[in-house]
Amino acid sequence: MAVDIPPLVKTSRLRSRGGLLGECMAEFFGTFVLISFGCGVVAMAVAALPGSGRAATTTTIFLAAGDWLLVTWGWAFAVMFGVYVAGGISGAHLNPAVTLAMALRRGFSWAKVLPYWFAQVVGALTGAALVYLVYRDAINTFDRTVTGPKVNGHTNTTFSIFATFPAPYFHGGVWGPLIDQIVGTAFLLMLIAAVIDLRNQAVQANLGPLVVGLVVAAIGMSYGANAGYAINPARDFGPRLFTYAAGWGSLAFPGSVSGVFSGYWWIPIVGPLIGGALGILLYDLFIGDVLLTRTELSQLPPPGRSTPTRTRPEE
């Protein structure tokens, strides 16, 4: 904005926020926004729309592709607005896999990795708590209405508002969901790297958050049904912590449904961390290194020479 905005807190007290503390606050708040809208749209689809009489029955969810599109577009907007909120201060990682990848290949300080991770997880937990506060009545009504296995009166369906679980066709296996999370997060980091790479066809002006949101939508549409496309350890772990404390118990930790899957909680953490590192390495191998080579070859030669001077390594 063109006008001066006075600070809420005296400037002398704000100085500590100018460094890492301020960046972690931005990561917290950006991730809070991400989860508030992301889990919020799932709460709409799972509990609020059926419970409010806007679906065929009080338990009707996901009967058509359009229902899934509601969720994928909702998460896309959630990511976009989270990045817009925090991008100017922290770079808006909002995802431990992004933070790890940036430290691995983009010069991000390793000393900031753990503080960023902590801020992201706490932001995600707080966002989940807000969604529960707003949709508690709808969630409880849905859980009372449906039949089937319950933990402390809660179902795995309402747990899915907050965190992820694998599809039944994996039959409780580990490798299918783990590979899914690795692949989905690898694509996320590949495309983020492309979007922010000024050597490539980088997004102009401040449209980067919009494009990153579209990336998340594309991943959800192409790979989402396998395991809920967490592709973000904080996005899953923070809300999982909250649901464990709020009564979902073993559905959250260790992440088990009797006879279906067990001990799932670690997969949306380990898979994205591996996938994020793999994704940015693949981008640099296939694209980044080529862009670097072309930049070096395009340097002007010194006066009097028709080609750039090349130095040969000493033998």
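- If you chain together hydrophobic residues whose side chains sit under 4.5 Å apart, Val174 and Ile274 fall into the same group.
- Cluster annotation: Leu291 is connected to Phe286 through the hydrophobic network of ILVMFWY side chains, with a link wherever side-chain heavy atoms come within less than 4.5 Å.
- No chain of hydrophobic side-chain contacts below 4.5 Å, direct or via other Ile, Leu, Val, Met, Phe, Trp or Tyr residues, connects Phe142 to Val71.
- For the atom pair Leu130 CG and Phe32 CZ, the distance stands at 4.5 Å (nearest 0.5 Å).
- Under a 3.5 Å cut-off, the side chain of Asn95 and the backbone N or O of Ile231 do form a donor-acceptor pair.
- Note: Phe237 and Phe253 have perpendicular aromatic rings, judged against thresholds of 30 and 60 degrees for the angle between ring planes.
- Between Tyr229 and Trp75, the two ring planes are perpendicular [angle over 60°; tilted spans 30° to 60°].
- Under the 3.5 Å distance criterion, the side-chain polar atoms of Thr72 are left unmatched by any main-chain donor or acceptor of Ala217.
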TODO: Dump the intermediate steps for ring pair (Phe, Tyr, Trp, His ring centres under 6.0 Å) on Phe165 and Phe159, then the final yes or no.
DONE: CA-CA 9 Å; Phe165 60 90; Phe159 171 75; 7.2 Å; no
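- Checking Thr31, Asn232, Thr99 one by one against His93, the side-chain hydrogen bond (donor to acceptor under 3.5 Å, both in side chains) holds for a single residue, Thr99.
- Taking hydrophobic clusters as Ile, Leu, Val, Met, Phe, Trp and Tyr residues chained together by side-chain heavy-atom distances below 4.5 Å, Val183 shares a cluster with Trp266.
- The environment of Phe29 atom CZ is sparse: at most 12 non-hydrogen atoms of other residues, nucleotides or ligands sit within 6.0 angstrom.
- In this view, Arg106 and Asp284 satisfy the side chain to side chain donor-acceptor pair (under 3.5 Å) rule, not counting sequence neighbours.
- No side-chain donor-acceptor contact under 3.5 Å links Thr164 and Gln181.
- Remark: Phe187 CZ is loosely packed, at most 12 non-hydrogen atoms of other residues, nucleotides or ligands lying under 6.0 Å away.
- Across all their heavy atoms, Ala234 and Pro239 have their closest contact at O-CD, 3.5 Å.
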